[in-house]
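Below: one structure, written as structure tokens.
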Amino acid sequence: MKRDFLTLWDLSSDEIEAVLKRAIALKAGKDASKCPLIGKSIGLLFEKASTRTKVSFEVGIHQLGGQPVYMTSQEIQLGRGETVADTAKTLSRYLSAVIIRTFEQEKIEEFAFHSSVPVINALTDLHHPCQGLSDLMTILEKKGRLKGIKLAYIGDGNNVANSLIEASSRMQINLTIACPEGLEPNPDVLERARENAKSEIIILRETKEAAGMADVIYTDVWVSMGQEEMTEGKKRKLAKYQLNNALLSCAKEDAVVMHCLPAKRGQEITDEVMDSPRSIVFDQAENRLHSQKALLEFLLVSRP
Ligand code: CP
């Protein structure tokens, strides 16, 4: 049976652990000459801009011996009104998997329902599970463990925050999110994560309380793609939620700084924090490549 990766719930804790272990081995150069995707073409259907996700998937597929087929919805008939179902059924006849970046989570779920090949969520308005997988790999690499880590997320309760909640619940990370009223993470995501969590998932208002004794401190842009009209109102609410040196000083002395990028320097994060030796944002970006290669192997190579 095909496996999709639409949220982090689509992999068990043991499966995530196995994918992370494999990602670290791939990063170390293991099996660099093997081409497990040889003869396979993998679609990338993107309805939003991307630097990291697009390039890391394209390069990763190439390194695994496969062929990436990139398309925007405007380049195919989907942009002219062909249904999601008909597009999914057609692309399934050519491709071994489809990686999708779109707006509504429901749209990727509909696509996956009609697709006979695995579908991978490359970001929706609700989730960013590939980012979450790479974040877990980066924390594991830098801190040597996931269980019991204190992760503080500062700012907008957006899709990245939602996936961090699921990642934390799955891997027993203690997550504290500091966000303004009205910009909390999705309540259904939060409820499911708390029901399944063996760790703490806390939402509060005070940034310093969240950052206190944190091992990892994480932020993201205040204005997500497709939500630009909310800029001014959101900016006012988020003004006190900047990751700067004063806030970083509340975390542990060896705390590291994460940001999924792209960053709006001077807004949610200052230059001095982003460029400090404690910032691991570019390792985090690099790990998109390794973790996604491990994910592709998991979904496509070990099953028919
Ligand atoms: N973090 C992330 O998804 O980056 P891109 O939008 O550049 O793909």
Side-chain angles (χ1 to χ4, degrees), residues 5-8 19-20 23 27 42-63 68-74 97-105 107-108 119-139 141-142 151 153-168 185-186 189 216-228 230-231 243 256-265 267-269 273-274 279-296:
F5 185 58
L6 305 186
T7 78
L8 278 148
V19 169
L20 297 180
K27 185 172 183 177
I42 313 290
L44 293 110
L45 172 52
F46 277 44
E47 298 196 288
K48 293 181 178 183
S50 170
T51 299
R52 280 141 287 269
T53 311
K54 176 184 189 293
V55 178
S56 59
F57 264 119
E58 288 199 52
V59 170
I61 291 162
H62 173 75
Q63 288 179 359
V69 180
Y70 180 80
M71 64 205 116
T72 67
S73 53
Q74 293 311 310
V98 188
I99 299 159
I100 299 179
R101 171 167 284 203
T102 188
F103 294 86
E104 307 86 1
Q105 182 71 14
K107 192 168 181 179
I108 198 169
V119 174
I120 296 175
N121 184 349
L123 181 145
T124 62
D125 293 343
L126 194 59
H127 293 282
H128 199 355
C130 292
Q131 184 64 55
L133 206 55
S134 169
D135 295 342
L136 288 173
M137 177 185 173
T138 310
I139 295 169
E141 188 178 59
K142 299 293 175 186
L151 168 62
Y153 176 91
I154 310 294
D156 186 19
N158 61 13
N159 47 4
V160 170
N162 289 335
S163 287
L164 279 179
I165 288 171
E166 296 184 345
S168 299
N186 180 277
V189 168
V216 180
I217 185 159
Y218 195 125
T219 191
D220 189 17
V221 285
W222 292 347
V223 181
S224 298
M225 279 182 288
Q227 298 174 359
E228 283 79 7
M230 294 172 70
T231 304
L243 179 46
V256 291
V257 171
M258 296 180 73
H259 190 310
C260 64
L261 305 178
K264 190 92 174 163
R265 287 167 173 263
Q267 203 168 78
E268 78 277 1
I269 190 166
V273 171
M274 179 102 166
S279 166
I280 56 168
V281 300
F282 297 109
D283 296 318
Q284 196 183 346
E286 179 188 334
N287 286 341
R288 296 292 304 276
L289 172 67
H290 311 297
S291 56
Q292 289 162 187
K293 281 170 71 179
L295 175 70
L296 286 166

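Counting starts at 1 for both ligands and their atoms, following the listed order. Everything numeric here is computed off the predicted structure, so don't read it as measured data. Keep in mind that the numbers below use all heavy atoms, side chains included, and drop hydrogens, waters and symmetry copies.
With H259, Q284, H128, K48 as candidates, the residue nearest to atom 3 (O) of ligand 1 on a non-hydrogen basis is H128.
When only modelled atom types and interatomic distance are considered, Q284 and T138 share no side-chain donor-acceptor pair under 3.5 Å. Residues N162 and E166 have side chains that never bring a donor and an acceptor to within less than 3.5 angstrom of each other. A donor-acceptor contact closer than 3.5 angstrom links the side chains of S56 and Q292.
Annotation: side chain of T53 is not in contact with side chain of L123 (no heavy-atom distance under 4.5 Å). At a threshold of 4.5 Å between non-hydrogen side-chain atoms, the residues M274 and E268 do not count as touching. With contacts defined as side-chain heavy-atom distances shorter than 4.5 Å, the pair Y218/L243 does not qualify.
Atoms of ligand 1 lying under 4.0 Å from at least one heavy atom of Q131, given by number and element, are 1 (N), 2 (C). Residue-ligand proximity, T53 to ligand 1, at heavy-atom distances under 4.0 Å covers atoms 2 (C), 3 (O), 5 (P), 8 (O).
Here D125 pairs with K48 in a salt bridge; the nearest charged N to carboxylate O distance falls below 4.0 Å.
Looking only at protein heavy atoms, the nearest one to atom 6 (O) of ligand 1 is R101 NH1, 2.9 Å. Nearest protein heavy-atom contact of atom 7 (O) of ligand 1 is T51 N, 2.7 Å. Annotation: atom 4 (O) of ligand 1 to nearest protein heavy atom, R52 NE, 3.0 Å.
Taking 4.0 Å as the cut-off, L123 does not count as a neighbour of ligand 1 on heavy-atom distance. For R288, the heavy-atom gap to ligand 1 drops under 4.0 angstrom.
Remark: ligand 1 and A49 share no N or O pair separated by less than 3.5 Å (distance only, no angle test).
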